[in-house]
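Notes for the one structure printed next.
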Protein chains: 2
Amino acid sequence: MLLSKSCIYGMRGALYLASSSNSKYISIKQISNDLDISPHFLTKIMQELTKAGLLESQKGPKGGVRLKKDGNEVALVEIVAAIDGMDLLTECALGLPGCGTAKPCPLHEQWADTRDEIRVMLEETTLTDLARKGKEGNLRITADGTFDWLPKDN
Amino acid sequence: MLLSKSCIYGMRGALYLASSSNSKYISIKQISNDLDISPHFLTKIMQELTKAGLLESQKGPKGGVRLKKDGNEVALVEIVAAIDGMDLLTECALGLPGCGTAKPCPLHEQWADTRDEIRVMLEETTLTDLARKGKEGNLRITADGTFDWLPKDN
DNA sequence: TATATTTGAGACAAGATAGTCTTAAATATG
DNA sequence: CATATTTAAGACTATCTTGTCTCAAATATA
């Protein structure tokens, strides 16, 4: 598996926020409801993103979470780094510690190239990119496709 | 993590076999010893590769395992498929079932391209490729670098 | 101020992966 | 044939990931 489930949920949650107007806080309960993710689990994941400085939160009624930066300034790699860490983009494919150009494993060259492709993709894709593409094509971000991209500015 | 630990061990075990003369069976005990992998665990993994038809085995003294095909006919993707399955190369990056060109998620396009890069790398790299590169550069396939590429034709 | 709402923190349970151990079956060799 | 060696099969434990639940802290609002 490329990304952990926590990381995938974090991405979908962040994408949800990026697709909404960012002027108001949105409760995690509503997000978990719309994305069909366990509320408690999503809460824990959104807390990680808040701790990492990607979101800001407010407690109490009318509270919730929202993006700290504009969505076009948030690359996917930041979410991956916050939840899964950078291991995927730094570690050896054969699991050998300290593998690199100086002390490579036999697979290092090929994997380093492939790994860079993944890294560039994650660095160059922003939440706004995905939100725009999703809105234009009315693409789903839930398993059953019930999510709709209408502005959630309640 | 891209590949499971079982898969990584399987790759290293298969690479070990490809770097040896394939005329004789080699005991998993020796392999696990040279590669510094738990013998019991490696046995289980090599059994999976045998069941998948990548290795053949023989019990008893002078028994062990060896590649069923020549190393240049075994692409890495076959080992990945046998141990981790093809999920990495078929599944949606956002975890949505049935994601594809017909019913994509917002990340589908970027991920499909990246996923193809991984697939091509695994399909085009053979055990012999890695063994040759390892022998030429005397590269390590153990954490501490104690593995040596001298023919193991005992 | 009292109440309802919402995040924060962390204990806890369930499930998957990683790793160990025991026993059985096959087989080479003396 | 007896024995030692080696894979095969599967039970078992440990650790990590995933998911649930409870309670505390903050806060908007009546």
Side-chain angles (χ1 to χ4, degrees), chain A residues 1-13 17 24-68 80 82-85 87-88 95 143 154, chain B residues 1-14 17 24-68 80 82-85 87-88 91 95 143 154:
Chain A
M1 189 186 346
L2 189 80
L3 303 172
S4 72
K5 256 183 163 180
S6 298
C7 189
I8 289 174
Y9 290 164
M11 274 195 186
R12 288 172 57 203
L17 292 175
K24 298 208 179 79
Y25 289 104
I26 299 180
S27 80
I28 298 172
K29 192 177 176 185
Q30 180 188 332
I31 302 173
S32 70
N33 204 52
D34 288 349
L35 295 186
D36 201 29
I37 300 172
S38 150
H40 283 116
F41 196 31
L42 186 61
T43 298
K44 205 154 61 168
I45 293 162
M46 296 308 246
Q47 276 176 27
E48 288 186 67
L49 295 181
T50 303
K51 276 188 203 161
L54 294 174
L55 307 182
E56 48 193 2
S57 66
Q58 193 181 30
K59 293 177 183 176
K62 303 268 176 183
V65 291
R66 67 182 179 198
L67 291 178
K68 202 160 187 176
V80 173
I83 298 180
D84 279 355
D87 283 2
L88 173 68
N154 44 308
Chain B
M1 191 186 345
L2 190 79
L3 303 172
S4 71
K5 258 185 161 178
S6 298
C7 189
I8 289 174
Y9 290 164
M11 273 196 186
R12 287 171 58 203
L17 292 174
K24 297 207 180 79
Y25 289 104
I26 300 180
S27 81
I28 298 172
K29 192 177 176 185
Q30 180 188 331
I31 302 172
S32 71
N33 205 52
D34 288 350
L35 295 185
D36 201 30
I37 300 173
S38 150
H40 283 116
F41 195 29
L42 186 61
T43 298
K44 204 154 61 169
I45 293 161
M46 295 308 246
Q47 275 176 29
E48 289 186 66
L49 294 182
T50 303
K51 276 187 204 160
L54 293 173
L55 307 182
E56 48 192 3
S57 65
Q58 194 180 30
K59 294 177 182 176
K62 303 269 177 181
V65 290
R66 68 182 178 197
L67 292 178
K68 202 161 187 176
V80 173
I83 298 180
D84 279 355
D87 282 3
L88 172 68
E91 280 197 345
N154 43 310

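This is a predicted model, so every value here is computed, not measured. A, B, ... follow the sequence lines: proteins, then strands. Residue 1 opens every chain.
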Review point. A:Lys59 has a side chain; which of C:dA28, D:dA26, D:dT18 sits nearest to it?
Key: D:dA26

Check your understanding: At under 4.0 Å, does any side-chain N or O of A:Lys5 touch on OP1 or OP2 of D:dG19?
Key -> yes

Point to revise | Listed nucleotide nearest any side-chain atom of A:Gln58, set D:dA28, D:dA26, D:dT18 | key: D:dA28

Review point. Rounded to whole angstrom units, what separation is found between the NZ atom of B:Lys29 and the P atom of D:dA8?
Key: 16 Å

Practice item. Give the nucleotide from the list C:dG19, C:dA11, C:dA4 with an atom nearest to the side chain of A:Pro61. Key: C:dA4

Check your understanding: B:Gln47 side chain: which of C:dG8, D:dA9, D:dT18 is closest?
Key -> D:dA9

Revision key, fill the gap. Whole-Å distance, B:Ile28 CD1 to D:dA9 P, equals 12 Å

Practice item. Look at the side-chain N and O atoms of B:Ser38 and state whether any lies under 4.0 Å from the OP1 or OP2 oxygen of C:dG19. Key: no

Practice item. Select base, sugar-phosphate, or nothing to describe what B:Ser57 touches, counting heavy atoms under 4.0 Å on all strands. Key: sugar-phosphate

Review point. Between B:Tyr25 and C:dT27, does any side-chain N or O lie under 4.0 Å from OP1 or OP2?
Key: no

Check your understanding: Between B:Glu48 (CD) and C:dA18 (C1'), how many Å, whole number?
Key -> 12 Å

Check your understanding: From C:dT20, D:dG19, D:dT7, pick the nucleotide closest to the side chain of A:Tyr9?
Key -> D:dG19

Review point. For the pair made of NE2 in B:His40 and P in C:dA24, what is the distance, rounded to whole Å?
Key: 15 Å

